[in-house]
Amino acid sequence: MAEDKPMSESEQQQLLKLRDRIDAIDADIGRLISERAQCAQDVAEVKKAHSDGDIVYYRPEREAQVLRKAMDRNKGPLDDEEMARLFREIMSACLALEQPIKVAFLGPEGTFTEQAALKHFGHSAVSIPMSAIDEVFREVEAGAANYGVVPVENSTEGVVNHTLDNFMDSGLKICGEVELRIHQHLMVSDITKTENITRIYSHSQSLAQCRKWLDAHYPNAERIAVNSNAEAAKRVKGEWNAAAIAGEMAADRYDLKKLAEKIEDQPDNSTRFLIIGTEEVPPSGCDKSSVVIAMHNEPGALHNLLEPFHRHNVDLTRVETRPSRSGNWNYVFFIDFEGHITDDNIAAAMKEIGEKASDIKVLGAYPKAVL
Ligand SMILES: O=C(O)C(=O)C[C@]1(C(=O)O)C=C[C@@H](O)C=C1
């Protein structure tokens, strides 16, 4: 490493002064954070005094507003996202003072879903790994976790059917969404003979997302689909001829070495996750809603369903069809749109659709992802 040349007397003075200034600013920031935390504790007291049943401490609509304000106020030099991330952590710590919240996620530790949970709730939430999407739903339904985080769609591989199917039978509500840029890496353990890799483990979606890269670099290695990327990472620890495809968190968690980075075929590969809970969320000012609608099996069903949305100026962001699992659910459409389900134009569209549909269920209205 190159040696720094010695600092001049005046440079040393300048550095000391700047560090004194940083110390003074840090003291102010610390005092203000404590003051803010005290306010959050007072908010908790108000919530307790007001409530006659279960007290709801976590307020997704308010958190989204706080983060959006932090971004709007920001004048640099930090970028808006960085500023919001700092506020994300401050709020996470404040909420933990009110109530340490438990978040179930599709595990094991080191999955992209854990990364999404941390991005959404910050590091003060307690996150609990579950081995399947159904278990995340069950854990929240049983009250063992306050919220759950599940993947719902990937920009290259499409929808996660398991998650949609769970919503058909569940009474849980969507109370938020998270978007994550997904980077896949090829990783090995310290016992791997890298010239001898004959099997590559990963989740089926990740293997699909890296198909072209694998065809070019490891055409003869066996591709083995396992339950999650983190499980793939765990497996290669004991196998000298195997590699895993997984994300940064898995490499850190299982102490693996990255042989090749960002090997996904689409550079803008991203995954959307949903936050599930038991409460409905009031409008935050910039929201999305999700519904599932069953139509009778007759000509023009899809047109009849979509036309009122168009007439009432509702912007659809996703329409997904799933096979029905019972007699009256002939066609089942999962639809996401901009706006809160209580907005006048949306309520009007839903009323009309309700008259034609054989069944209709509001899965939730929630703030659009801020970070
Ligand atoms: O405003 C509230 O209801 C709070 O509890 C305070 C606060 C915050 O720290 O700003 C903390 C947790 C909630 O999820 C939302 C906001």
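Counting convention: from 1, in listed order, for ligands and their atoms alike. In what follows, residues are counted from 1 in the order of the sequence shown. This is a predicted model, so every value here is computed, not measured.
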Under the side chain to side chain donor-acceptor pair (under 3.5 Å) test, which residues partner Glu45, sequence neighbours left out?
-> Lys48
Got more than 12 heavy atoms from elsewhere within 6.0 Å of NZ, Lys47?
-> yes
Look only at the side chain of His162 and the backbone of Pro151, and say whether a donor-acceptor pair between them is shorter than 3.5 Å.
-> no
Arg21 atom CZ, neighbour heavy-atom count above 12 within 6.0 Å = no
Donor-acceptor contact below 3.5 Å, side chain Glu114 vs main chain Gly110 | yes
Proximity of Phe121 and Tyr58 rings by center, below 6.0 Å = yes
Protein residues near ligand 1, heavy-atom distance below 4.0 Å?
-> Arg36, Val43, Lys47, Tyr57, Tyr58, Arg59, Arg62, Glu63, Met91, Cys94, Leu95, Glu98
